[in-house]
There are 4 protein chains.
Amino acid sequence: MARSINKVILVGNLGQDPELRYTPGGTAVCNMRLATNEVYRDADGNMVERTEWHNLVAWGRLAEICNQYLRKGSKVYVEGSLQTRSWEDRDGNTRYTTEIKIREMVMLDPRSEATPEPEAAVTASTQRQATAPRQTFAPEPEPEAFDEDAYTLSPDDDLPF
Amino acid sequence: MARSINKVILVGNLGQDPELRYTPGGTAVCNMRLATNEVYRDADGNMVERTEWHNLVAWGRLAEICNQYLRKGSKVYVEGSLQTRSWEDRDGNTRYTTEIKIREMVMLDPRSEATPEPEAAVTASTQRQATAPRQTFAPEPEPEAFDEDAYTLSPDDDLPF
Amino acid sequence: MARSINKVILVGNLGQDPELRYTPGGTAVCNMRLATNEVYRDADGNMVERTEWHNLVAWGRLAEICNQYLRKGSKVYVEGSLQTRSWEDRDGNTRYTTEIKIREMVMLDPRSEATPEPEAAVTASTQRQATAPRQTFAPEPEPEAFDEDAYTLSPDDDLPF
Amino acid sequence: MARSINKVILVGNLGQDPELRYTPGGTAVCNMRLATNEVYRDADGNMVERTEWHNLVAWGRLAEICNQYLRKGSKVYVEGSLQTRSWEDRDGNTRYTTEIKIREMVMLDPRSEATPEPEAAVTASTQRQATAPRQTFAPEPEPEAFDEDAYTLSPDDDLPF
DNA sequence: TTTT
DNA sequence: TTTT
């Protein structure tokens with residue numbers, strides 16, 4: 001099993017500030033919207049620009065770091081994997097949303113004096129290392145191992161994408 | 001503009017045979033479903049396997065090659081970019097579908113005697129190169145901008161690779 | 001610092017069996033030669049094939065798995081980072097060798113009955129996770145910083161996946 | 001053949017200004033040195049930073065654009081493939097140099113008023129498109145199709161890496 | 001909704 | 001709906 005690869009690499013800009021929430025179990029979840037732009041010539045030879053919007057989601061320590069250091073307009077490199085979640089709309093129809101669960105984030109904006117920053121590129125694995133010492137009794141579960149119910153947003157929550 | 005990167009890399013298996021269609025203008029479009037699998041331990045330490053399904057779309061010559069050489073079960077490497085299309089459902093609601101527009105495809109199945117195959121990894125650009133010499137007056141536009149009439153391959157065309 | 005990315009992705013075939021060694025401290029190191037092939041037309045329109053050879057190195061548990069499951073001719077996907085080592089030749093000149101330190105490996109050959117295999121794609125991080133519980137007092141350092149004594153797997157260890 | 005992938009993705013900074021040369025046949029070649037940095041904790045728990053230097057080479061229009069828009073310190077995303085060239089040192093020994101032949105470059109520095117810039121991410125393929133209209137009689141050959149002799153550097157050339 |  |  002698992003003789004497969006599911007990898008996404010994006011460089012773009014955040015369309016708005018990150019949104020941080022916590023699951024009932026206390027795990028941080030950060031949702032972001034990232035724009036990538038493509039420029040090409042159309043059939044008439046005119047330059048056209050097309051923007052693609054991506055839904056990013058980060059978990060755990062990486063979620064908190066994204067929330068702390070990124071802002072609307074921030075330029076970032078992210079790497080992650082595609083996952084499509086299903087949910088039910090108001091009419092009871094099943095809908096699908098594709099997100100990129102990010103595993104690595106590199107800030108590409110020039111460093112400003114005002115905003116100190118993490119010491120290194122942030123990855124899901126450094127996050128485990130980093131938080132381990134403090135989570136003596138409640139090691140952070142892998143995102144994949146989440147009790148799905150624990151991530152259910154309360155009904156009056158905004159949609160997270 | 002276009003200081004961004006939108007890249008997807010997948011290795012997985014097709015869930016069904018490719019589906020080839022043609023636009024009214026005669027451009028080939030091939031849709032495929034690709035599975036990637038992930039194995040992890042859940043919170044209770046049990047091995048869990050999760051399958052992610054991806055919608056692939058190929059255009060032009062690459063579409064035809066995918067249709068010709070790939071089958072349900074085929075193992076492939078693909079590289080492409082994310083794009084989300086919107087469409088209207090029966091109730092008039094806007095819906096979104098995220099696809100990977102593939103630009104490169106490498107067959108990973110061992111070669112069989114029965115199925116001859118293209119001589120090289122197939123990319124959207126080799127396809128452009130290849131056809132260029134025949135398009136003396138109508139250089140092929142980017143897929144996003146197809147003048148679809150310009151792209152029809154005549155039935156007796158040589159293979160372009 | 002570390003606002004950078006150093007990533008290599010290869011799909012190719014091993015030119016010979018992997019070579020496994022151990023450092024004096026007991027850390028496994030596996031060296032492999034991987035071929036990638038490129039096909040193109042030269043200036044005269046003739047098809048030419050060019051083979052590129054890559055030096056791969058894996059460490060720790062990943063080294064042992066590569067050694068156990070791969071053979072001359074094996075088709076693999078690997079992901080890693082570039083690193084150039086310097087060494088001294090017999091004449092006292094400094095020489096440089098560029099290697100890909102692999103972090104992830106996916107076997108692409110069809111499964112045979114004869115060769116059982118690991119249950120999942122193998123990565124440097126699953127390896128760390130897996131061994132962590134046994135390293136109560138000596139969390140495994142990054143490969144670059146191995147306290148090599150801390151990494152010796154005892155002969156009767158369970159497979160960590 | 002060519003069921004392989006040879007891909008490198010780097011985000012880093014140039015260590016010096018690009019160096020542009022032309023082959024006897026008039027093709028532009030641009031050599032660059034790119035640094036990537038890695039931060040990790042060593043066995044004693046100290047933060048260590050390690051810099052890796054990469055030899056980049058761009059051809060044709062992409063070479064000229066790199067030379068025109070990049071400078072020492074420029075932050076860039078590049079994508080390309082690994083290739084190892086052999087050459088002979090003063091003692092007649094065969095030596096090897098590994099380079100990344102880049103195919104795509106994205107400038108990551110914030111735009112300044114002072115430096116206008118190309119309209120889009122620059123790739124080896126847009127380069128073909130872009131230059132084609134002007135090269136009525138002398139289409140730029142694929143880098144792979146170069147007359148190898150044409151790239152021989154004259155003896156008193158600086159080494160290009 | 002970003003960036004240029 | 002794939003693969004193992």
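Keep in mind the model is a prediction, meaning the values are calculated, not measured. A note on names: the letters A, B, ... follow the listed sequences, proteins ahead of strands, and every chain is numbered from 1.
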Whole-Å distance between E:dT4 P and A:Y40 OH? 21 Å
Testing B:T84, B:N6, B:T98 for side-chain contact (heavy atoms from CB on, under 4.5 Å) with A:H54, which one passes? B:N6
So what does A:T51 touch, heavy atoms closer than 4.0 Å: a base, only the sugar-phosphate, or nothing? base
For A:G73, which contact category applies under a 4.0 Å heavy-atom criterion: base, sugar-phosphate, or nothing? sugar-phosphate
Starting from C1' on E:dT4, measure out to CG on D:L108 and report it in whole angstrom. 13 Å
Protein-nucleotide distance (A:D17, atom CG; E:dT2, atom P), rounded to Å: 11 Å
Rounding to an integer number of Å, can you tell me how far D:R111 CZ sits from E:dT3 P? 12 Å
Indicate, with a heavy-atom threshold strictly under 4.0 Å, whether B:K72 touches base, sugar-phosphate, or nothing. sugar-phosphate
Length of the CG-C1' vector between B:N13 and F:dT3, whole Å: 4 Å
What integer distance in Å separates C:D109:CG from F:dT3:P? 17 Å
NZ-CG distance between B:K101 and B:L82, expressed to the nearest 0.5 angstrom: 11.5 Å
Enter the distance from B:L10:CG to B:E52:CD here, rounded to the nearest 0.5 Å. 10.0 Å
Rounded to the Å, how far apart are B:L34 CG and F:dT3 P? 12 Å
Separation of E:dT2 atom P from A:L10 atom CG, nearest Å, is 18 Å
Provide the full list of salt bridge (charged side-chain N to carboxylate O under 4.0 Å, His left out) pairs with a residue in residues 63-80 of chain D, sequence neighbours left out, each pair given once. B:K7-D:E79, D:K7-D:E79, D:R61-D:E64, D:E79-D:R103
